[in-house]
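So the structure is just underneath, and the comments pick up after that.
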Amino acid sequence: MTGQVRTVDGRVAGRRGQATRQKLLDCLGEMLSSSPYRDVKVIDVARKAGTSPATFYQYFPDVEGAVLEIAEEMAKEGAGLTELVSGRSWVGKAGWQTSEDLVEGFLDFWRKHDAILRVVDLGAAEGDKRFYKIRMKILNSVTNSLTDAVKELQSKGKVDKDISPAAMAGSLVAMLASVAGHQKGFQTWGVKQAELKPNLALLVHLGITGKKPTK
């Protein structure tokens, strides 16, 4: 965490205060993994962190405010997903590798942040613009890079000009996000993780290049 950390009333938190604040966020993050978001109370977070509700309120206005802090940090990491696509080749065997890397990176990110992403999705679905912006920040990091990839392939005559780069990229990213959030559900259909990744990568490759991959 960079920059000055301030309390709710604007005071700069010292090293000890920053450590307490981070511990509260870590404990909240753990609780979101095992409890429904609506059931998490300030007193429970404070107790788990070994401090008091009064201390919690020094750093956060409420549980939702603390959740947004966690979500913002997660979104900063999510912006790095663009590196899975930006500047990568979609031609030949390299194109298949790009597809596989994107799918693996996307699914791994969703698994790592599953609890907070569920809360973000819930908030966005309920129309909370703060959560919606966080969700779009993550998705845009990949959508913009995929859009550029389709445009580049079009400029080289490798993809039909009638294809809308933004529509194709947005559709693929929405698909990735949906599948990533449903990974456990695939097990009930008898689909193993090892089977999911290559099939999802195939759809991504077909969407971007319009061709079957060269493996």
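Source: prediction; values computed, not measured.
- Residue pairs meeting the ring-ring contact (aromatic ring centres under 6.0 Å, His included) criterion with at least one member in residues 112-165, sequence neighbours excluded, are Phe109-His113.
- The pair Glu72-Lys76 does not meet the salt-bridge criterion, since no charged nitrogen lies less than 4.0 angstrom from a carboxylate oxygen.
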With a cut-off of 3.5 Å and sequence neighbours excluded, list every side-chain donor-acceptor pair involving residues 193-203.
unit_1	atom_1	unit_2	atom_2	d
Gln193	NE2	Gln183	OE1	3.1
Glu195	OE1	Lys192	N	2.8
Asn199	ND2	Glu195	O	2.7

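- When atom types are taken as modelled, the side chain of Asp128 and the backbone of Ala124 share no donor-acceptor pair closer than 3.5 angstrom.
- The closest donor-acceptor contact from the side chain of Glu152 to the backbone of Thr147 lies at 3.5 Å or more, if one exists at all.
- Between the CG atom in Asp121 and the CD1 atom in Ile134 there is a gap of 11.5 Å [rounded to 0.5 Å].
- Remark: Thr20 engages no residue in a side chain to side chain donor-acceptor pair (under 3.5 Å) (not counting sequence neighbours).
- Of the inter-residue distances, the one linking Met168 atom CE with Lys151 atom NZ reads 14.5 Å to the nearest 0.5 angstrom.
- Between Trp189 and Phe186, the two ring planes are perpendicular [angle over 60°; tilted spans 30° to 60°].
- Lys48 and Asp44 are not joined by a salt bridge, as no carboxylate oxygen comes within less than 4.0 angstrom of a charged side-chain nitrogen.
- Leu153 is not listed as a side-chain neighbour of Val150, based on a closest heavy-atom distance of 4.5 Å or more.
- Using a 4.5 Å cut-off on side-chain heavy atoms (C-beta onward), Tyr59 and Leu24 make contact.
- Put simply, the side chain of Asp39 never gets that close to the backbone of Ser35: no donor and acceptor are under 3.5 Å apart.
- Judged purely by atom type and a 3.5 angstrom limit, Ser178 has no side-chain atom pairing as donor or acceptor with the backbone of Ala174.
- Between Glu64 and Arg130, some side-chain heavy-atom pair lies under the 4.5 Å cut-off.
- By the 4.5 Å heavy-atom criterion applied to side chains, Leu102 and Leu176 are counted as neighbours.
- For the residue pair Thr82 and Ser145, a side-chain donor N or O sits within less than 3.5 Å of a side-chain acceptor on the partner.
- Using a distance-only test at 3.5 Å, with no hydrogens or angles considered, a donor-acceptor pair links the side chain of Ser99 to the main chain of Gly95.
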